Amino acid sequence: MKLLKCVVRPNALEKVKEALSGLGVMGMTVSEVKGFGRQKGHKELYRGAEYTIDFTPKIEIEVVVGDDLAEQCVDAVREAAQTGKIGDGKIFMVPVDEVVRIRTGETGEAAI
Amino acid sequence: MKLLKCVVRPNALEKVKEALSGLGVMGMTVSEVKGFGRQKGHKELYRGAEYTIDFTPKIEIEVVVGDDLAEQCVDAVREAAQTGKIGDGKIFMVPVDEVVRIRTGETGEAAI
Amino acid sequence: MKLLKCVVRPNALEKVKEALSGLGVMGMTVSEVKGFGRQKGHKELYRGAEYTIDFTPKIEIEVVVGDDLAEQCVDAVREAAQTGKIGDGKIFMVPVDEVVRIRTGETGEAAI
Amino acid sequence: MRGLLAVWGSRLRLFLGLCFLVVPGAAGADELNAGDTAWMLTATALVLFMTLPGLALFYAGLVRAKNVLSVLMQCFVSACAMTIVWIGWGYSMAFDTTGMSEGTMNLNSFVGGLGKLFLSGVGADSMTGTIPETVFITFQMTFAIITPALIAGAFAERMKFSAMLLFSVMWSTIVYAPVCHMAWSGPGAFFWDLGVLDFAGGTVVHINAGVAALVAAIMIGKREGFGQVPLPPHSLTITVIGASMLWVGWFGFNAGSALAANGSAGMAMLVTQVATAMAALTWMAVEWMKHGKPSVLGIVTGAVAGLVAITPASGSVGPMGALAIGFVSGLCCFWGATTLKQKLGYDDSLDAFGVHGIGGIVGAILTGVFASESLGGLGLAKESIGAQLGAQLISVTFTIVYSGVLSFLILKVVDVLVGLRVNEDEESQGLDLALHSEQGYNMEL
Amino acid sequence: MRGLLAVWGSRLRLFLGLCFLVVPGAAGADELNAGDTAWMLTATALVLFMTLPGLALFYAGLVRAKNVLSVLMQCFVSACAMTIVWIGWGYSMAFDTTGMSEGTMNLNSFVGGLGKLFLSGVGADSMTGTIPETVFITFQMTFAIITPALIAGAFAERMKFSAMLLFSVMWSTIVYAPVCHMAWSGPGAFFWDLGVLDFAGGTVVHINAGVAALVAAIMIGKREGFGQVPLPPHSLTITVIGASMLWVGWFGFNAGSALAANGSAGMAMLVTQVATAMAALTWMAVEWMKHGKPSVLGIVTGAVAGLVAITPASGSVGPMGALAIGFVSGLCCFWGATTLKQKLGYDDSLDAFGVHGIGGIVGAILTGVFASESLGGLGLAKESIGAQLGAQLISVTFTIVYSGVLSFLILKVVDVLVGLRVNEDEESQGLDLALHSEQGYNMEL
Amino acid sequence: MRGLLAVWGSRLRLFLGLCFLVVPGAAGADELNAGDTAWMLTATALVLFMTLPGLALFYAGLVRAKNVLSVLMQCFVSACAMTIVWIGWGYSMAFDTTGMSEGTMNLNSFVGGLGKLFLSGVGADSMTGTIPETVFITFQMTFAIITPALIAGAFAERMKFSAMLLFSVMWSTIVYAPVCHMAWSGPGAFFWDLGVLDFAGGTVVHINAGVAALVAAIMIGKREGFGQVPLPPHSLTITVIGASMLWVGWFGFNAGSALAANGSAGMAMLVTQVATAMAALTWMAVEWMKHGKPSVLGIVTGAVAGLVAITPASGSVGPMGALAIGFVSGLCCFWGATTLKQKLGYDDSLDAFGVHGIGGIVGAILTGVFASESLGGLGLAKESIGAQLGAQLISVTFTIVYSGVLSFLILKVVDVLVGLRVNEDEESQGLDLALHSEQGYNMEL
Ligand SMILES: Nc1ncnc2c1ncn2[C@@H]1O[C@H](COP(=O)(O)OP(=O)(O)O)[C@@H](O)[C@H]1O
Ligand SMILES: Nc1ncnc2c1ncn2[C@@H]1O[C@H](COP(=O)(O)OP(=O)(O)O)[C@@H](O)[C@H]1O
Ligand SMILES: Nc1ncnc2c1ncn2[C@@H]1O[C@H](COP(=O)(O)OP(=O)(O)O)[C@@H](O)[C@H]1O
């Protein structure tokens with residue numbers, strides 16, 4: 001199984017969620033993060049003191065899927081989150097040894 | 001070593017923390033996340049505009065443990081976080097290549 | 001490729017960011033987390049009700065780098081985030097199978 | 001009809017809250033009443049409080065966190081810019097009575113003269129009725145401040161700041177000051193001579209602003225994502241604070257419109273309280289029945305609807321009339337802010353039209369009914385409910401058309417000059433950062 | 001004792017803030033004083049401000065973020081529902097003086113008649129003393145609004161909204177209006193004839209609400225997790241805003257209870273300020289000594305304790321008496337909200353009893369001491385401190401028993417009708433979503 | 001010069017807002033005016049509202065989230081402690097007129113006697129002019145409260161709570177009360193006899209506090225990270241709420257300084273509004289031109305700058321003078337809070353000096369210009385603008401030196417006694433947890 005960590009723009013969340021659901025993915029876990037990268041940040045100004053904020057708000061979607069579905073999911077996320085402008089984000093694929101569903105104790109792909 | 005990513009209900013945090021401590025785990029890292037899954041979300045209503053919010057608040061506990069302790073920890077978390085109702089969450093076990101304690105520079109299991 | 005999960009003190013973020021940038025790292029993803037560990041938390045008191053809060057605010061910096069750069073990055077983070085006092089945090093190194101840049105579809109090290 | 005007017009002339013003074021005491025010559029003769037002055041100083045502070053921070057918070061809580069400051073900024077700049085407009089020319093255009101004569105329709109029935117430009121001739125001892133003219137000027141100024149600020153609810157989260165500022169200055173000059181003049185400047189003014197009852201500004205303030213809001217919402221177009229993704233309020237806590245301040249401040253608005261600390265002010269305060277409570281409970285009940293749950297946003301919006309609707313009536317109706325007005329306005333504004341808006345599909349972001357426009361119209365009309373002594377009111381200005389309703393309808397219709405057409409034209413001009421709307425990137429980034437280089441919240445420790 | 005009463009009769013008028021001027025017949029004869037009316041219009045706005053948004057925020061900041069709206073909603077609906085109750089029957093039950101006669105104990109010593117149902121007979125020119133009756137009605141209404149809202153602090157975070165609403169309506173009818181009548185409706189009323197001093201409502205408002213709160217807290221049971229997991233305030237910032245507004249608004253409460261802009265009002269304002277400051281500093285000092293640090297929640301709670309305790313005394317004591325009352329109430333309420341609550345183990349979520357109940361009792365008793373001219377007060381209503389204390393104790397005890405028993409019965413009835421408490425899932429989800437389908441905060445951009 | 005003084009003596013009474021009516025003996029003879037009293041009760045509430053929650057929020061929004069409570073706490077404790085100081089000895093030191101005689105310079109030209117310690121001799125019927133002395137005492141107390149609270153802006157986010165408290169008590173005793181006495185206690189007082197115009201406290205409050213703030217900022221040193229990492233406001237929403245409340249409350253400050261509900265109060269309110277609006281717009285315009293965008297923090301800071309600058313002038317200038325004062329203060333305070341601060345490199349965290357110090361100086365000087373009838377003012381106190389400017393400059397310079405030197409000495413003493421600054425760990429953890437064991441926000445559900 002694979003854990004896909006998808007860092008995307010905040011307003012892409014809805015689309016990515018739907019794209020993954022379309023592939024039969026039943027669950028995911030989302031968190032608000034701040035991204036630093038090629039995309040430049042913004043300036044803030046408070047009584048003459050200028051701050052450059054390098055971070056831009058991003059959403060990280062973590063989703064664990066079976067090995068067979070992983071590639072498809074990557075493509076789906078990419079399609080849903082792509083605008084072509086700098087700052088679209090990344091997908092990191094990390095190996096997962098085991099998954100447990102807390103409610104039932106099921107493990108492996110059955111637990112996803 | 002293994003990284004256990006445990007997505008649980010917010011009010012399970014306390015119990016999970018104690019369960020892990022009970023096994024000798026000395027540290028963990030916690031973040032607030034939003035979960036999407038079989039558990040259904042809720043409705044919000046603002047001046048006649050109805051929103052369905054699919055996400056439910058969850059807590060993600062990340063804990064890195066030695067290989068030998070991993071199984072025990074999974075069981076402990078499962079026991080502490082289980083209510084039997086949909087939405088109890090998951091445990092994802094991810095391999096870890098190396099751990100470093102920043103303060104001392106120790107590495108490996110000694111650093112956990 | 002490796003995913004470095006660096007849990008550090010909030011006020012170390014700026015330095016760590018600069019240290020990594022110095023090594024040519026182009027991006028990273030940051031989130032606010034609560035850490036539990038050897039460092040003790042604090043007390044809060046509300047109308048005679050005393051709460052012990054075990055968690056301390058931490059920052060988790062996730063950065064994916066090529067295998068060759070991983071060691072150097074670990075050292076750089078360690079140096080930037082070290083104060084020598086309990087609570088400096090950890091670095092967890094996790095293997096990454098694949099990286100995709102959403103904007104261009106590039107994969108592998110080129111995508112980082 | 002002139003003869004009849006004479007008959008109830010003295011009553012009318014009471015009904016219209018002595019608003020026409022700005023009669024030059026006669027004014028200076030009145031003696032200062034410290035009690036009346038004390039109340040009007042307070043009422044002025046209360047009405048300013050309605051805008052800053054009242055309305056600012058009511059609106060600010062309803063937008064997304066990335067636009068909170070832009071809304072606060074619009075209300076704040078309104079307070080500043082309208083102050084200058086008012087002392088510069090607004091007050092003169094609204095309350096200078098040169099050329100007016102009871103029963104004569106001329107240009108000065110519609111707009112005041114320029115005799116008081118930059119408050120020329122106003123000193124510390126100038127009087128308006130029993131209070132210093134300075135207090136009257138400042139009290140009326142607070143009305144001129146809140147009215148354009150109300151409109152801002154319609155185009156929240158997408159209008160350029162420069163456009164909003166330009167629009168407000170032009171609108172308050174060309175729309176607000178004349179309508180204010182027609183209603184409140186005394187014998188010879190258009191609405192006044194018609195015998196229209198508008199104690200505290202149902203027409204002048206709420207219909208006027210509500211209609212402009214509708215026009216603006218349609219012209220500027222919907223917010224990105226409207227109807228597709230949730231655009232929920234970022235902090236109803238803040239909205240409740242704002243609504244509460246509006247309620248309290250409205251005592252200054254309505255009871256202050258008596259321009260004195262007397263029985264008329266007392267009754268205005270009582271009926272304001274009653275109508276507000278009733279409208280809030282009505283909205284709550286309807287929502288509870290329709291959606292199964294009463295909501296906080298519902299009950300506070302209902303309260304504002306009641307406040308709006310009782311405004312024109314607050315010098316003319318009794319507590320039972322207030323109950324009725326509260327009930328009807330609760331129903332109608334609920335319909336306006338939910339059903340009507342959804343049906344017509346415009347994006348009046350914060351329901352400036354649904355609440356102020358609809359509420360103002362309901363109030364103006366029902367004032368013509370419940371002012372009748374037979375219904376517990378303090379008396380009509382005209383011979384019958386029918387005749388009064390006629391006068392009310394004329395003023396309502398006139399204001400809708402006048403404000404509608406001119407707001408449209410002003411927006412067209414502003415669009416040409418600076419453009420109305422921010423671009424897509426700015427809208428998605430949020431107006432706070434895009435227009436003001438600031439963030440509303442920065443909760444890191 | 002009748003003879004003695006006559007002797008100090010005229011003084012008493014001053015002490016009790018002219019509250020009994022609602023004597024029919026005589027009332028109409030008084031002439032309107034614009035200064036008094038100006039102050040009472042303002043005081044009314046200030047007391048409404050205490051509930052909306054004052055108390056609403058004070059309480060809302062203290063609950064968890066998931067329940068913030070439920071608390072705001074309870075305060076808001078209180079303001080609305082009590083308004084209707086008050087004009088419907090509450091005012092009549094409290095202030096109609098039919099059948100009352102000084103020194104005669106009959107049914108009307110405990111509750112007013114029904115002669116003023118739906119404000120029948122009240123017009124814009126009806127007078128209460130030197131102010132319009134409409135102003136008196138609205139001023140008193142704001143007291144009727146805040147009292148049930150205070151109780152809500154006891155059952156926060158777990159009571160059904162419907163239950164709270166039903167309870168409030170019944171309680172204000174059956175408990176508040178009668179106790180208000182006994183204290184403030186003039187000669188012939190129970191407390192009045194006893195010579196009880198309760199200038200602004202220590203007994204009527206605070207003991208009354210505090211005891212009901214204690215009963216409610218016990219009956220509804222503890223919050224899930226109480227005593228096991230932290231249930232910390234979600235925003236002390238909001239609580240401080242609320243406390244500050246309570247402080248400022250309380251000037252209307254206490255100095256307004258003089259019903260005039262006179263020396264009595266001035267002294268009431270001064271002693272209110274002094275007692276509040278002293279109680280706040282006392283709480284701070286005790287906490288600093290006991291826990292090593294002074295806390296914000298501590299100092300603001302101390303301030304509220306002082307405000308509560310000076311309430312009954314504000315027309316009777318001098319600045320030095322106020323210092324003493326502030327000091328003692330700071331101590332006692334600290335003990336009530338910390339030690340006592342922990343010992344007895346009930347979950348009075350926001351310390352409605354610990355602060356208002358205890359503070360009200362302390363204030364009512366000490367009024368009987370520091371009103372004495374020998375202690376810098378403005379004079380007792382009875383011949384000696386002992387006698388005055390006796391009267392005070394009777395009223396305190398009576399109110400505790402009356403409010404305690406009836407609150408219990410009303411809650412039982414409400415429990416049968418709609419159930420008092422939300423279910424476990426609703427409580428853990430939070431009342432905002434569960435009962436109102438809304439969230440207090442939505443900080444995503 | 002004595003002869004001249006006599007000539008304009010009666011005018012001066014008007015200009016200086018009747019502040020010197022505290023002449024013993026004569027005072028008791030005046031009759032209570034209910035209208036004046038009504039306004040002054042209200043004004044007192046408004047000025048308290050400026051500190052709690054106004055200033056508290058204005059400042060609290062500007063600090064980081066980890067220090068929000070520490071700022072609220074400082075403002076709150078100021079309100080409490082200054083109340084006790086004021087009734088204990090402050091009022092006596094400021095307004096006891098023993099030993100004063102017009103034209104005679106002696107110790108009592110600089111500080112009041114001790115005849116009113118613990119308000120001895122003050123009863124419910126003591127009078128100050130046409131209002132109860134209790135009201136005058138409380139009104140002036142609110143000024144004594146806000147002044148040390150203003151200083152807290154300079155050392156926010158790093159001062160020990162104990163040090164702040166100690167400093168405030170000493171400062172208000174040794175610095176505030178005497179300067180207040182020199183300006184407002186009547187014939188025989190230092191500034192008074194010079195013919196200085198300071199209607200509502202430009203010198204007494206703002207220069208006094210602003211200079212102390214500068215000294216404190218320099219002595220306590222910069223915040224950790226100042227100039228290196230961003231230290232942005234944690235909630236401009238809160239700051240805007242606070243600024244709005246300051247604006248509204250300032251009507252009490254300035255118009256209340258007339259001590260009556262009269263034409264002087266009316267004009268004070270009007271010019272306050274005008275100068276504030278103008279200064280806000282000026283700041284906005286400058287920022288817009290200089291940085292390309294107008295900011296919320298900018299416009300509200302500009303408003304406060306205008307409020308500060310019009311304070312001394314509010315009884316002496318007309319609307320056009322107010323426009324000018326607003327414009328100049330907007331410019332100068334912008335320069336003070338941005339350029340000057342950066343150049344000199346001190347860390348006046350919340351610009352207490354940049355806004356109150358600079359604004360106060362600008363206002364005090366311009367009062368000497370625009371009070372002239374030739375410039376639309378209400379009249380100078382001295383024979384010419386030049387002479388008036390001389391008097392103004394003397395009072396400004398004296399106050400700068402007096403406050404500067406004594407603030408320095410007091411801070412030295414406090415440093416020895418308890419230490420001024422928290423340690424590094426406490427500063428980085430945040431003062432809320434470190435000093436008060438509390439957190440401002442706890443948003444978990
Ligand atoms: N090496 C990295 N490790 C972790 N996160 C990264 C890395 N590089 C980029 N990111 C994340 O991806 C986001 C987008 O990256 P950026 O370089 O701005 O644009 P793009 O992906 O279009 O090249 C960043 O904001 C950051 O959150
Ligand atoms: N495939 C997945 N990848 C990542 N997180 C998941 C996945 N499936 C579920 N989750 C997380 O687990 C939570 C609980 O899942 P859900 O399907 O609602 O209930 P259950 O685990 O009881 O079957 C979700 O809210 C989500 O945060
Ligand atoms: N086993 C672990 N798994 C995940 N996170 C950990 C673990 N141990 C420590 N941490 C994180 O590292 C932080 C610092 O650890 P702590 O034990 O307090 O100090 P130190 O790293 O100096 O020994 C913790 O607050 C926690 O966020």
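No experiment lies behind these values; they were computed from the predicted model shown. Below, chains carry the letters A, B, ... as their sequence lines are ordered, and counting in each starts from 1. Because only heavy atoms are used, hydrogens play no part in the values below, and waters and symmetry mates are left out as well, while side chains stay in.
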Asker: Just to verify, what does His436(E) make a side-chain hydrogen bond (donor to acceptor under 3.5 Å, both in side chains) with, not counting sequence neighbours?
Answerer: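 With sequence neighbours excluded, His436(E) shows a side-chain hydrogen bond (donor to acceptor under 3.5 Å, both in side chains) to no residue whatsoever.
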Asker: Atom CG of Leu119(F) and atom CE of Met320(E): how far apart are they, to the nearest 0.5 Å?
Answerer: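 Interatomic distance, Leu119(F) CG to Met320(E) CE, rounded to 0.5 Å: 5.5 Å.
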Asker: Side chains of Leu57(F) and Val240(E), heavy atoms from C-beta outward: is any pair under 4.5 Å?
Answerer: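 Sidechains of Val240(E) and Leu57(F): no contact.
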Asker: Shorter than 4.5 Å, heavy atoms on both sides: which option in Leu41(F), Asp36(F), Leu52(F) has the most such pairs with chain E?
Answerer: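 Between Leu41(F), Asp36(F), Leu52(F), the count favours Leu41(F).
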Asker: Which region of Ala65(F), side chain (C-beta onward) or backbone (N, CA, C, O), has a non-hydrogen atom less than 4.5 Å from a non-hydrogen atom of chain E, or is it both or neither?
Answerer: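 Neither part.
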Asker: Any idea how Phe49(E) and Phe49(F) line up, ring-wise: parallel (<30°), tilted (30 to 60°), or perpendicular (>60°)?
Answerer: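 Taking Phe49(F) first and then Phe49(E), their aromatic rings stand perpendicular (interplane angle over 60°).
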Asker: For the residue pair Ala261(E) and Leu32(F), what are the closest heavy atoms and their distance?
Answerer: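 Smallest interatomic distance, heavy atoms only, reads O-CD2, 3.5 Å.
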Asker: Applying salt bridge (charged side-chain N to carboxylate O under 4.0 Å, His left out), name anything that partners Glu157(F), two or more places apart in sequence or on another chain.
Answerer: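 Result, salt bridge (charged side-chain N to carboxylate O under 4.0 Å, His left out) vs Glu157(F): Arg64(F), Arg223(F).
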Asker: Taking all non-hydrogen atoms of both residues into account, name the closest pair between Val296(E) and Glu438(F) and its distance.
Answerer: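 Looking at all heavy atoms of both residues, the shortest contact is N-OE1, 2.6 Å.
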Asker: Quick check on Ile241(F) against chain E: is it the side chain, the backbone, both or neither that has a heavy atom closer than 4.5 Å?
Answerer: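 No part of Ile241(F) comes within 4.5 Å of chain E.
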Asker: Would you give the length of the straight line joining atom CZ of Phe251(E) to atom OG1 of Thr138(F), rounded to the nearest 0.5 angstrom?
Answerer: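 It comes to 7.0 Å.
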Asker: Pick whichever of Leu323(E), Asn67(E), Ile299(E) has the most heavy-atom pairs under 4.5 Å with chain F.
Answerer: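 The candidate making the most pairs under 4.5 Å is Ile299(E).
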Asker: How long is the span from the CE atom in Met267(E) to the OG atom in Ser126(F), to the nearest 0.5 Å?
Answerer: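 One gets 7.0 Å once the value is rounded to the nearest 0.5 Å.
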Asker: Minimum heavy-atom separation for Ala277(E) and Ile84(F), please, with both atom names.
Answerer: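 Heavy atoms only, the tightest pair is CB-CD1, 4.2 Å.
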Asker: Where do Val248(E) and Ala45(F) come nearest, in terms of heavy atoms and distance?
Answerer: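 Residues Val248(E) and Ala45(F), closest heavy atoms: CG1-O, 3.7 Å.
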Asker: Let's test your reading of the structure: which of Gly266(E), Ser295(E), Gly306(E), Ser235(E) forms the most heavy-atom pairs below 4.5 Å with chain F?
Answerer: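 Among Gly266(E), Ser295(E), Gly306(E), Ser235(E), the one with the most close pairs to chain F is Ser295(E).
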Asker: With chain F as the partner, which of Leu281(E), Thr276(E), Asp432(E), Ile238(E) has the greatest number of non-hydrogen pairs under 4.5 Å?
Answerer: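 Highest number of pairs under 4.5 Å: Leu281(E).
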Asker: Given that the side chain runs from C-beta out, which part of Met443(E) has a heavy atom under 4.5 Å from chain F: side chain, backbone, both or neither?
Answerer: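 It is neither, since no heavy atom gets under 4.5 Å.
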Asker: Chain E heavy atoms under 4.5 Å from Met245(F): which part of the residue, side chain, backbone, both or neither?
Answerer: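 Just its side chain gets close to chain E.
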Asker: Could you tell me whether the side chain of Met141(F) reaches within less than 4.5 Å of the side chain of Leu270(E), counting heavy atoms only?
Answerer: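 Side chain of Leu270(E) against side chain of Met141(F), heavy atoms only: contact under 4.5 Å found.
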Asker: Could you check if a side-chain atom of Gln273(E) sits within less than 4.5 angstrom of a side-chain atom of Ile145(F), using non-hydrogen atoms only?
Answerer: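 Answer yes - side chains close enough.
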Asker: With side chain to side chain donor-acceptor pair (under 3.5 Å) as the rule and sequence neighbours excluded, what pairs involving residues 38-54 of chain F come up?
Answerer: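 Not a single pair qualifies under side chain to side chain donor-acceptor pair (under 3.5 Å).
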Asker: Heavy-atom cut-off 4.5 Å, strictly under: side chain, backbone, both or neither for Ala303(E) against chain F?
Answerer: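 Side chain only.
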Asker: If the contact rule is any heavy atom under 4.5 Å from chain E, which residues of residues 68-80 of chain F qualify, in numerical order?
Answerer: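 Within residues 68-80 of chain F, near chain E: Val68(F), Leu69(F), Leu72(F), Met73(F), Phe76(F), Val77(F), Ala79(F), Cys80(F).
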Asker: What distance do Met269(E) atom CE and Thr134(F) atom OG1 have between them, rounded to the nearest 0.5 Å?
Answerer: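 Rounded to the nearest 0.5 Å, the CE-OG1 separation comes out at 9.0 Å.
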Asker: Can you tell which part of Trp250(E) gets under 4.5 Å to a heavy atom of chain F, answering side chain, backbone, both or neither?
Answerer: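 Neither the backbone nor the side chain of Trp250(E) comes within 4.5 Å of chain F.
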Asker: Would you mind checking which part of Pro132(F) comes under 4.5 Å of any heavy atom in chain E, side chain (CB onward), backbone (N, CA, C, O), both or neither?
Answerer: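 It is the side chain, since no backbone atom gets that close.
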Asker: Specify which of Gly35(E), Ala34(E), Gly242(E) makes the most heavy-atom pairs with chain F at under 4.5 Å.
Answerer: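 Between Gly35(E), Ala34(E), Gly242(E), the count favours Gly35(E).
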